[in-house]
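All ligand and atom numbering here is 1-based and tracks the order in the structure. Computed from a predicted model, the values in this text were never measured in an experiment. Residue indices begin at 1 and follow the sequence shown.
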Amino acid sequence: MSGCLITFEGGEGVGKSTQIKHLEQKLRNDGHDVLTTREPGGTPAAEKIRVLLSDPEHGGKWSDHAELLLMFVARAEHIKDVINPALNAGKVILCDRYIDSTRVYQGHLGNISFDFITTLEQHIIGQTVPHLTFLLDLSADEAMKRVHARGASDHYDHGDRAFYKKLRDGFLQIAAQEERIKTINGLQDEASIAAQIYTQAKEHLHEHV
Ligand code: TMP
């Protein structure tokens, strides 16, 4: 595989999608073939799973195991139909959430053991590990403020402060263990964040692609 998989991670309201748009534009200007995608989602079937996951008619929260498995069903399709073909075609893929979200939401916040998640990763992700990951980090208070300001209403966003704190701690813990994850202070202004992400992505692409 000759392309590059760059993932964006972080809690709710940290500004991932805005930053993905900035990086997409900058890399396109440099002549890269860029594909943006997201999880859960990225294929028609996986997008249906995304809808199912937040379906109010489901009547409540999915069990932790059901949620985990639905994430991996969506991911398996996404890898097979979108990510691996794009990597093989030499594209730069910018993916809004990927495996680290599962580790944090289903592992740290849910009640799923890391061993089980790792086993699923080994079987379903295989070699399709991100080359580079940007973690947009915000304090629990700031993230909550932003989510409430945008009036988000799907079931994922119904967290109290403890939820946001645990979410942030989960991502920071993973970032401390993985060299590929670059933590970015999400409190900075949009343009400064975009510039830092671009610099690090360019460096990586220069060295590895
Ligand atoms: P977002 O992509 O719009 O931020 O929201 C997707 C939601 O899905 C978010 O609350 C995190 C959640 N999620 C998981 O719980 N596990 C996962 O593996 C992924 C990719 C997302």
Side-chain angles (χ1 to χ4, degrees), residues 5-21 23-24 36-43 45-56 58 60-79 82-83 93-114 116-125 128-130 133-138 140 142-160 162-171 173-175 178 181 184 186:
L5 175 59
I6 301 177
T7 59
F8 285 72
E9 297 279 6
E12 316 285 328
V14 294
K16 290 177 286 93
S17 32
T18 306
Q19 290 302 330
I20 288 174
K21 283 195 196 113
L23 185 61
E24 177 187 16
T36 62
T37 185
R38 68 173 183 180
E39 290 213 342
T43 75
E47 288 292 335
K48 283 188 183 158
I49 294 173
R50 182 184 180 99
V51 172
L52 194 62
L53 277 159
S54 55
D55 182 4
H58 173 265
K61 201 183 171 317
W62 291 91
S63 74
D64 291 329
H65 279 95
E67 195 168 70
L68 174 78
L69 294 173
L70 285 168
M71 292 294 173
F72 270 103
V73 172
R75 183 161 300 142
E77 290 300 291
H78 192 207
I79 290 173
V82 174
I83 297 183
I93 302 151
L94 306 182
C95 187
D96 190 341
R97 298 195 183 281
Y98 193 58
I99 51 174
D100 301 308
S101 281
T102 313
R103 293 174 184 180
V104 172
Y105 283 85
Q106 279 67 54
H108 282 267
L109 286 165
N111 288 304
I112 311 274
S113 78
F114 287 109
F116 186 49
I117 294 177
T118 304
T119 303
L120 285 172
E121 282 185 7
Q122 282 163 354
H123 287 270
I124 290 166
I125 287 152
T128 313
V129 174
T133 297
F134 291 108
L135 168 61
L136 296 177
D137 176 52
L138 270 184
E142 182 62 24
M144 262 183 97
K145 204 170 88 190
R146 292 188 189 186
V147 169
H148 291 153
R150 78 181 181 201
S153 63
D154 73 64
H155 87 275
Y156 295 113
D157 293 322
H158 290 171
D160 56 11
F163 165 88
Y164 283 88
K165 167 104 178 49
K166 214 167 163 192
L167 193 56
R168 181 190 192 197
D169 291 348
F171 277 113
Q173 252 180 56
I174 293 175
E178 299 262 8
I181 304 180
I184 308 279

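- Classified by interplanar angle (parallel below 30°, tilted 30° to 60°, perpendicular above 60°), the ring pair Y164/H148 is perpendicular.
- Using a cutoff of 4.0 Å between basic side-chain nitrogens and carboxylate oxygens, E24 and K21 are not scored as salt-bridged.
- When each atom of ligand 1 is checked for a heavy atom of P40 under 4.0 Å away, the hits are 8 (O), 19 (C), 20 (C), 21 (C).
- For the ring pair (Phe, Tyr, Trp, His ring centres under 6.0 Å) test with H108, the passing option among F114, F171, F163 is F114; the others fail.
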Legend entry - Test salt bridge (Lys or Arg N to Asp or Glu O under 4.0 Å) applied to E9 and R103, step by step: CA-CA 11 Å; E9 297 279 6; R103 293 174 184 180; over 6 Å; no

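- By the 3.5 Å distance cut-off applied to N or O atoms, D96 is not counted among the residues near ligand 1.
- Looking only at distances, no side-chain donor or acceptor of D64 sits under 3.5 Å from a matching main-chain atom of G110.
- Each of the following atoms of ligand 1 lies closer than 4.0 Å to a heavy atom of Q106: 14 (C), 15 (O), 16 (N), 17 (C), 18 (O).
- Ligand 1 does not have R38 within reach: every non-hydrogen atom of the residue lies 4.0 Å or more from it.
- With a heavy-atom cut-off of 4.0 Å, R75 touches ligand 1 through its side chain alone.
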Inset, instruction - Please test T118 against Q122 for side chain to side chain contact (heavy atoms under 4.5 Å, CB included), starting from the C-alpha separation and ending with a verdict. - result: CA-CA 6 Å; T118 304; Q122 282 163 354; 3.8 Å; yes

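- For R50, every heavy-atom contact with ligand 1 shorter than 4.0 Å involves the side chain, none the backbone.
- At least one N or O atom of R97, backbone or side chain, sits closer than 3.5 Å to an N or O atom of ligand 1.
- Of all the atoms in ligand 1, the ones that sit under 4.0 Å from a non-hydrogen atom of E12 are 9 (C), 10 (O).
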